[in-house]
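Notes for the one structure printed next.
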Amino acid sequence: MGCSKWRAAFNFGHLKVHSKLPVFFTMIILFIYLFYCLNGYCESLPRPVYDQRSNLQTKIIFKDGQETEQLGAYNASPVSLVREQLSDLTNSDPPSNNISIANNFGNKKFPQAIIIGVKKGGTRALLEFLRIHPDVRAVGAEPHFFDRFYEKGLEWYRNLMPRTLEGQITMEKTPSYFITKEAPRRVFSMSRHTRLIVVVRDPVTRAVSDYTQTLSKSPGLPSFQNLAFRNATTGLIDTSWSAVRIGIYAKHLENWLRYFPMSRFLFVSGERLVTDPAGEMGRVQDFLGLKRVVTDKHFYFNQTKGFPCLKKPEGSSRPRCLGKSKGRPHPQIPSEVLLRLRDFYRPFNLKFYQMTGHDFGWDQMATHQSS
């Protein structure tokens with residue numbers, strides 16, 4: 001009997017010792033943590049939002065998976081740099097919970113400027129060049145609101161836009177707007193003050209580039225000449241083929257001029273965007289009321305691709321060039337086919353020159369062989 005009581009007391013004491021061990025080890029860990037923090041070893045803890053990316057001149061930001069250089073080292077004003085820093089935090093996926101409180105900076109607004117056309121004219125290059133300006137905030141993907149998703153409503157459209165601060169411009173680009181019959185009325189209903197940018201290119205070269213892109217997706221496509229002509233013998237052009245129809249710029253512009261005055265338009269030369277990107281970007285920045293931040297110091301000509309690229313941002317292993325879908329070699333098109341197509345476009349080009357007050361010189365140039 002006495003042995004049983006002694007054994008029970010021993011087991012109870014053993015359990016009490018075991019229950020105190022976790023508490024004992026927890027206290028040891030806490031003491032070690034406090035000791036390290038008091039001696040300055042806690043610097044790796046997350047910093048406040050305002051302290052992140054404080055070095056504006058050397059940081060690289062990511063937009064739609066691509067690296068772009070922060071322009072603090074160039075001509076941007078300190079106010080513009082702060083705007084860009086805060087706005088970029090709100091328009092990128094937050095890497096940690098620390099960034100979430102920055103989502104309240106800025107507001108989502110309807111775009112004050114839209115690149116409305118044209119397909120295969122150089123709209124992607126223009127948008128990417130503009131996006132390095134600290135006072136431009138643009139949607140990366142094409143929203144296609146005014147041609148495909150208008151029934152979703154303006155609030156849906158506005159929610160697609162990035163947040164902007166005071167003084168920044170919201171932009172988007174969807175090149176199919178220019179040829180969409182309903183688009184001018186719909187844009188006008190949103191705002192009659194919208195600035196409209198149209199990137200145009202020699203319509204013959206543009207048609208071949210359009211065909212090249214489609215051919216890359218559908219290798220079994222008929223030949224260019226079979227699609228371009230209704231009747232190869234008579235040389236009658238098939239204007240129902242979109243690759244041809246898009247290049248009748250004067251016709252599409254007439255539709256837009258029913259709603260917007262010519263002063264709301266800027267026509268950018270796709271050819272000059274290749275040969276003199278800084279010059280064309282100067283015109284674009286002036287049209288948008290922006291300081292000329294994007295200059296020739298940002299560009300270099302890529303001989304392999306055949307068009308300009310943005311110079312390598314600091315901290316990046318490579319410069320920023322457009323993707324593999326740009327710069328494809330064109331298929332060989334019979335010269336007589338191109339001449340017939342050029343004759344077809346000539347009266348439309350002349351009318352377009354008169355409407356815009358600018359001679360783009362397409363009738364004097366040879367057809368380029370890259371898209």
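Owing to the predicted nature of the structure, the values given are computational and were not obtained by experimental measurement.
Listed by chain and residue number, E155 satisfy the salt bridge (Lys or Arg N to Asp or Glu O under 4.0 Å) test with R158 (two or more places apart in sequence, or in another chain). Checked against ring-ring contact (aromatic ring centres under 6.0 Å, His included), F301 has no partners two or more places apart in sequence or in another chain. Among residues two or more places apart in sequence or in another chain, the side chain to side chain contact (heavy atoms under 4.5 Å, CB included) test is passed with P334 by Q225, E336, V337. Under the rule for a salt bridge (Lys or Arg N to Asp or Glu O under 4.0 Å), the partners of D238 that lie at least two apart in sequence or sit in another chain are R230. In this structure, the salt bridge (Lys or Arg N to Asp or Glu O under 4.0 Å) partners of D286, at least two apart in sequence or on a different chain, are R292. Residues that satisfy the side chain to side chain contact (heavy atoms under 4.5 Å, CB included) test with E254, not counting sequence neighbours, are K351, M355. Y157 pairs by the ring-ring contact (aromatic ring centres under 6.0 Å, His included) definition with F145, F146, not counting sequence neighbours. Checked against salt bridge (Lys or Arg N to Asp or Glu O under 4.0 Å), E280 has the following partners two or more places apart in sequence or in another chain: R272, R283. Taking the side chain to side chain contact (heavy atoms under 4.5 Å, CB included) definition, one finds that H144 meets it with E142, D147, R148, F149, T174, S176, sequence neighbours left out. Here F352 pairs with Y249, F267, F360 under the ring-ring contact (aromatic ring centres under 6.0 Å, His included) rule; sequence neighbours left out. With sequence neighbours excluded, the residues forming a side chain to side chain contact (heavy atoms under 4.5 Å, CB included) with N255 are K181, P184, R258, listed by chain and number.
Closest approach of T194 and P111 over heavy atoms only: CG2-O, 4.2 Å. Heavy-atom minimum distance, Y211 versus P222: OH-O, 2.8 Å.
Remark: I197 CD1 to R264 CZ distance equals 11.5 Å, nearest 0.5 Å. Interatomic distance, K108 NZ to N159 CG, rounded to the nearest 0.5 Å: 5.5 Å.
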Notebook entry, point to check: Checking side chain to side chain contact (heavy atoms under 4.5 Å, CB included) for the pair I114/Y177: CA distance, chi angles, key distance, verdict?
Noted result: CA-CA 9 Å; I114 304 177; Y177 289 163; 3.9 Å; yes
Next item on the list: Let me see the working for D135 and K291 under salt bridge (Lys or Arg N to Asp or Glu O under 4.0 Å), right down to the final yes or no.
Entry: CA-CA 9 Å; D135 287 335; K291 183 178 180 180; over 6 Å; no
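In the hydrophobic clustering of ILVMFWY residues, with side-chain heavy atoms under 4.5 Å counting as a link, L236 and L227 come out apart.
At least one donor-acceptor pair under 3.5 Å links the side chain of R163 to the backbone N or O of G106. Side chain of N107 to main chain of K109: no donor-acceptor pair is present (N/O by atom type, distance under 3.5 Å, no hydrogens or angles). Not a single donor-acceptor pair under 3.5 Å links the side chain of R185 to the backbone N or O of W256.
In this structure, D202 and Y345 have side chains that are not in contact, with every pair of non-hydrogen atoms separated by 4.5 Å or more.
Between the side chains of T123 and K173, at least one donor N or O lies within less than 3.5 Å of an accepting N or O.
Here ring pair (Phe, Tyr, Trp, His ring centres under 6.0 Å) pairs that include residues 225-246, with residues two or more places apart or in two chains, are F224-W241.
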